[in-house]
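Worksheet: one structure, shown below.
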Amino acid sequence: MASSGNKNINAKLVLLGDVATGKSSLVLRFVKGQFVEFQESTIGAAFFSQTVAVNDATVKFEIWDTAGQERYHSLAPMYYRGAAAAIIVYDITNQASFDRAKKWVQELQAQGNPNMVMALAGNKSDLLDARKVAAEEAQTYAQENGLFFMETSAKTATNVNDVFYEIAKRLPRLQQAPNPSGMVLVDRPADRATGASCCS
Amino acid sequence: MEEAESYPPIDPSNFDLIVIGTGLPESIVASAASAAGKTVLHLDSNPFYGSHSASLPLNDFIPFIQSESQPQSRNLTSDDYVSTPVATRPLYSAVETNSYSSEPTENSRKFNLDLAGPRVLLCSDSMIDLILKTGINQYMEFKSVDASFISSADGGLENVPDSRSAIFKNRGLSLTEKNQLMKFFKLVQRHLGDDETEDDKISDQDLESPFVEFLTKIGLSQKLKSIILYTIVLADYDQENLEACKDVISTKSGISRLALYHSSIGRFPNANGAIIYPIYGQGELPQAFCRRAAVKGCIYVLRMPVVAILNDKDSGEYKGIKLVSGQELFSPKLIIAPSFTIPSTPNHDAQVANSDDVSLSDTKKVARGICITKHSLNTQVANCLVFFPPRSLYLEQSTSVRVLQLSSNVAVCPSGMFVTYLSAMCDDNVQGKKLLNAAINALFSVPISGNSENSGASNLSEHAEEKPCLLWSTLYIQELTTFQGGLDSISKTPMPDEHLHYTDLLDATEKIFKEIYPNEEFFPSINVSNDDEGGGSELDS
């Protein structure tokens, strides 16, 4: 789904990570500048778009949230298809969520497009006292696996926009669409029933 | 199933609705119920979405069909409830696979093969309306099916003149035929128009008569009748043998199908004709409805077999289900995929007793086939439909054979290959196989088994016109189920039907929803101004 015109790039971005690591909160912070302390685990939207301007291009992210389908490991292939970028999120206060993040990276490497830009985000960096995952450990893992790493806080907004800007910078500028692209259906009720049609 | 144990227990354990199976009808109901604010749990024993509506990698396709060709049963007991074991019945039979080259199987994961092919969408049909209404058009992309062909008397393929411009360009029709067809399309348009003049309307008597008689009456040639009946109106049975025809199409219904076809042309600016196909296969549809359900709070658990239905000890009423993990979950309503059978227990004869064998329609089956080749049936097009009307393949051919060829531009196969789906209605396996094999022989060059690798080149040169050579093929017979209505608490969804489109399946699905939730709207319109729903992502490409 990543395609480039002159300097306008459309890029599908997927979020992955365990339940309650703050995936939706990161998106809400980035798209709307909001933070909700007790974000319900499933929210009423799973598709956002936000545009980021970097030096030489305008990147329009189509951001897909998991809609809770990751809870029982039931994400559909549709979720990964054509993704140009992914943010894998863990909670720095939860070692298990970091271990699971590595599993998500493997899953992406198996299912996703090989040129995908991947970011590892250690979220909840405001909760320093409860830290269980050392930043160095995550940094090392990220380097070894071709991801870039940042610790973020959706609550304080630390590094949230930065993750998305960094992805925007790293997206290939003249990307061959990894998959065939087709038409997106858009209803145009006003234009309907023209030409040889008869219909209802 | 290996992974089932590692799941956390499902929480909560009470839902408004539990749905078992992620086929298209189950996925639509789960999505509609979630949209209506119901708490829904959606389970599937498979590791993939879509059940009998899925698109699968080549090496997963045959094992799935074979596993669904045998009855299975499981049992576990429950302390507090009467537990009825869940069993499955065979829905596919006579599976026959031929591999003439290892190339397709070596590229297994690049294939997305539809279990319920051939199937397409007409741009104005009710499924497209639902896709737009529910907003799942955000999750999917489509490509046009470039052309339709009908087999001609001399065994070749001729373009179907389905629109005014196609009539104009067509080379297979005489000038007289072109004029006849133009006049007929105009007649239909006047009939459906808003003008009040009675002269423009087709009489009630004609509307109730068989469409084939009406077409004869207005003087269309045999060829034109065939084109209209089998490629546009999509009739299954021989309409000119009214005694033997199991489904005679009336003029009224013929005209409404023609109108649907014509209103499909030009509905979307990027679509070339009336017909489109989803990129990555039809299995994207159940995934998209499930994703929408999840957005509205539905909980998804794949790889989770259900082993028993739990019934109240005294009343015998349905209460809940037991999972392979041992967990018991409860809901007032249950929806199950068509593969399940629930034998009645002494305590609750009435509830599900007559739900199974009765709904398997014993006279109708659909034969399906898939062929993989390296060349297109027509070098001008990548994706196309081909129709073999009754009696075009052999004299006793009583049903239409429909063919859909797809290329790698819809991401269903590796680049440089083509996937062709075939289907035909049949009474039994022998008849079904005969129909499909006749069409396969008309379209493809079939290597002689055993020495396929080296015989191809020399064989081909003997033919004046080269047909694409088969690399791999499979044929199977699928049972058709008819919707019988829900039984109190448990409703069963239908199998994908014999049609090229989803209209009937969608009607049946809406009925199931209305039976369990008579007071709820089937997908209330969403507020488009809600920017959370990603407005502004409307791309033409």
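Values reported hereafter were calculated over all heavy atoms of this structure, with side chains retained and with hydrogens, waters and symmetry mates removed. So that the names make sense, note that chain A is the first sequence line, chain B the second, and so on, each numbered from 1.
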Of the listed residues (B/Ile299, B/Ile131, B/Asn137), which shares the most heavy-atom pairs with chain A below a 4.5 Å separation?
B/Asn137
Heavy-atom distance under 4.5 Å to chain A: side chain of B/Cys290, backbone, both or neither?
both
Taking side chain as everything from C-beta outward and backbone as N, CA, C, O, which of these in B/Ile255 sits under 4.5 Å from a heavy atom of chain A? Side chain, backbone, both or neither.
neither
Between B/Ala288 and chain A, which part of the residue has a heavy atom less than 4.5 Å away: side chain, backbone, both or neither?
both
Please determine, by modelled atom types, if B/Tyr261 and B/Asp162 share a side-chain donor-acceptor pair under 3.5 angstrom.
yes
Between B/Pro286, B/Ser144, B/Cys123, B/Ala271, the one whose heavy-atom pairs under 4.5 Å with chain A are most numerous
B/Ala271
From CG (B/Asn270) to CE (A/Met183), nearest 0.5 Å
6.5 Å
Are A/Thr21 and A/Asp91 close enough that a side-chain donor and a side-chain acceptor fall under 3.5 Å?
no
Segment of B/Thr22 engaging chain A (4.5 angstrom heavy-atom cut-off)
neither
Please name all residues satisfying ring pair (Phe, Tyr, Trp, His ring centres under 6.0 Å) with B/Tyr300, sequence neighbours left out, ordered by chain then number.
B/His42, B/Tyr49
Looking at A/Glu166 and A/Arg170, is there a salt bridge between them, counting it only when a charged N and a carboxylate O are closer than 4.0 Å?
yes
